[in-house]
Amino acid sequence: MSRSYYIAGNWKMHKTRAEAAELAKALVSQLKDGKHRYLVAPSFTLIETVASIVKGSNIRLGAQNMASEEQGAHTGEVSVLQLKDLGVQTVILGHSERRHNYKEDDALINKKVKLALKHGLEVILCVGELLEEREAGKAEQVCETQVVKGLEGVPAAELAHIVIAYEPVWAIGTGKTATPEDADVIHAFVRKLIGKLYGADAAERITIQYGGSVKPDNAAQLMAKENIDGALVGGAALKTDTFVPIALFA
Ligand code: 13P
């Protein structure tokens, strides 16, 4: 398998500038010989601070969201141009907290995906089912809709800049991880779907991260699965004690 592992930390709405700087510095030093791809995604207010620390390291700089418009009268939003100005390379879009708590729908997420790609950002597109959807046997269907609608109008040439993160909503922040087997079923399903939409080569190449209570003691088992190419880590990304062992998993 030629895909490389991609371990990302989503810091969500945590940390002050001083705390973020401390974590970023420690990660730069402790991950410098790491063999995988890395990313941190701090809150907007922390990006400039973290940017100056990760610059030139093997840690990419991400944002957790972005406006669907390039600029204009959008009080409280942050634009792609503003993110690029700070050195952001990647943006997480369609996170379940955005979908469910802030009512972002597939059409809005799709607009953001296309805008981010237009400006040369890498996109981590998050998909995942609610517990009641899983219990109703609809996990695959929900993920299919979110992938198809999220990528609507995205040409094959842009697919190299797309990462998909499968984050079952019931596993986020709950301490309940999908079993490696259950996660791999959805990852394989999503990969096959990418194959239908973009061809076999694209399916083979696309990175699909797993997210949802990834911890040092379950990372290696998850990553061992054929279709799991990395992790999008929330709670455990907030401390070097927990993020570094995930990032350096063997
Ligand atoms: P937890 O690792 O805290 O479950 O969060 C996962 C997540 O939502 C990453 O985007």
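Both ligands and their constituent atoms are indexed starting at 1 by order of listing. Scope of the values below: all heavy atoms of this structure, side chains included, with no hydrogens, waters or symmetry mates.
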Distance-only, no hydrogens or angles: does the Glu133 side chain make a donor-acceptor pair with backbone N or O of Leu130 under 3.5 Å?
-> yes
among protein heavy atoms, the one nearest atom 9 (C) of ligand 1 is Glu167 OE2, 2.9 Å
Looking at atom 2 (O) of ligand 1, what's its closest protein heavy atom, distance included?
->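 For atom 2 (O) of ligand 1, the nearest protein heavy atom is Gly234 N, 2.9 Å.
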Would you say [X] contacts ligand 1, with heavy atoms under 4.0 Å as the rule?
X: Ala236; result: no
X: Ala171; result: yes
X: Lys12; result: yes

Just which atoms of ligand 1 are under 4.0 Å from any heavy atom in Gly173?
-> 1 (P), 3 (O), 4 (O)
Identify, by atom number and element, the atoms of ligand 1 in contact range of Gly212, meaning under 4.0 Å from any of its heavy atoms.
->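 Numbered from 1, ligand 1 contributes 4 (O), 6 (C).
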Could you see which bit of Leu232 sits under 4.0 Å from ligand 1, with heavy atoms only: side chain, backbone, both or neither?
-> both
Any chance you could lay out the salt bridge (charged side-chain N to carboxylate O under 4.0 Å, His left out) test for Glu122 and Arg60, step after step, and finish with the verdict?
-> CA-CA 10 Å; Glu122 174 183 74; Arg60 291 175 69 88; 3.5 Å; yes
Can you check side chain to side chain donor-acceptor pair (under 3.5 Å) on His119 and Glu70, steps first, answer last?
-> CA-CA 10 Å; His119 287 276; Glu70 209 156 79; 2.7 Å; yes
Ion pair check, Glu204 and Arg3, cut-off under 4.0 Å |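 Salt bridge: yes.
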